[in-house]
Amino acid sequence: MKRNNRFRHESLQDEKSIKELLTALSNGLAKGKIVLEDENDSMMLEPHGLLRLKISASQDEDRSRLTVRISWKEEDNIPKGKSLKINSK
């Protein structure tokens, strides 16, 4: 699978379809792997560790919006395999 830096999808869906997509997202979070795909693009994410959750909502006269954002930082910059030696010479 091609590794892209961004994935964006926008479409009209009914409540049942959105529920199924949110369930798939929840299952992916539980497994530590989320694959996003549409006819134009694909992306794989591997969430792990502490995740930041941000939920915001707004409502105007004729429009409502609910935004759910889940983010995390990759921990690849933590030094791995470096040994520590302590002695009393």
At their closest point, which heavy atom of Glu37 faces which heavy atom of Ser42, and how far apart are they? CG-CB, 3.7 Å
With the side chain counted from C-beta on, respond yes when Asp41 and Leu36 share a heavy-atom pair under 4.5 Å apart, and no when they do not. no
Which residues satisfy the side chain to side chain donor-acceptor pair (under 3.5 Å) test with Glu15, sequence neighbours excluded? none
I'd like to check Arg8 versus Arg6 (side-chain heavy atoms, cut-off strictly below 4.5 Å). Are they in contact? no
For Asp60, the side chain to side chain donor-acceptor pair (under 3.5 Å) test, sequence neighbours excluded, returns none
Not counting sequence neighbours, which residues clear side-chain contact (heavy atoms from CB on, under 4.5 Å) with Ser26? List them please. none
I'd like to check Ile55 versus Leu66 (side-chain heavy atoms, cut-off strictly below 4.5 Å). Are they in contact? yes
Hits for side-chain contact (heavy atoms from CB on, under 4.5 Å) against Arg65, two or more places apart or cross-chain, chain-then-number order -> Ser58, Arg63, Thr67
Set of residues satisfying side-chain contact (heavy atoms from CB on, under 4.5 Å) with respect to Leu12, sequence neighbours excluded: none
Please determine whether residues Leu29 and Phe7 belong to a single hydrophobic cluster, defined as Ile, Leu, Val, Met, Phe, Trp and Tyr linked transitively by side-chain heavy-atom distances below 4.5 Å. yes
My understanding is that only residues two or more places apart in sequence, or in another chain, count here; which of them pass side chain to side chain donor-acceptor pair (under 3.5 Å) with Asp38? His9
Assess the residue pair Leu45 and Trp72 against the criterion (side chain to side chain contact (heavy atoms under 4.5 Å, CB included)); give the C-alpha distance rounded to whole Å, side-chain angles, the decisive distance to 0.1 Å, and a yes or no. CA-CA 10 Å; Leu45 300 170; Trp72 61 94; 4.1 Å; yes
How far does OG of Ser64 sit from CD of Gln59, to the nearest 0.5 angstrom? 4.0 Å
Provide the closest heavy-atom pair for Ile34 versus Gly28 in the form atom of the first, atom of the second, distance. CG1-C, 3.7 Å
Tell me whether Leu53 at atom CG has more than 12 heavy atoms from other residues, nucleotides or ligands lying less than 6.0 Å away. yes
Min side-chain heavy-atom separation Leu22-Val68 under 4.5 Å: no
Check: Thr23 side chain, Lys19 main-chain N or O, donor-acceptor pair, under 3.5 Å: yes
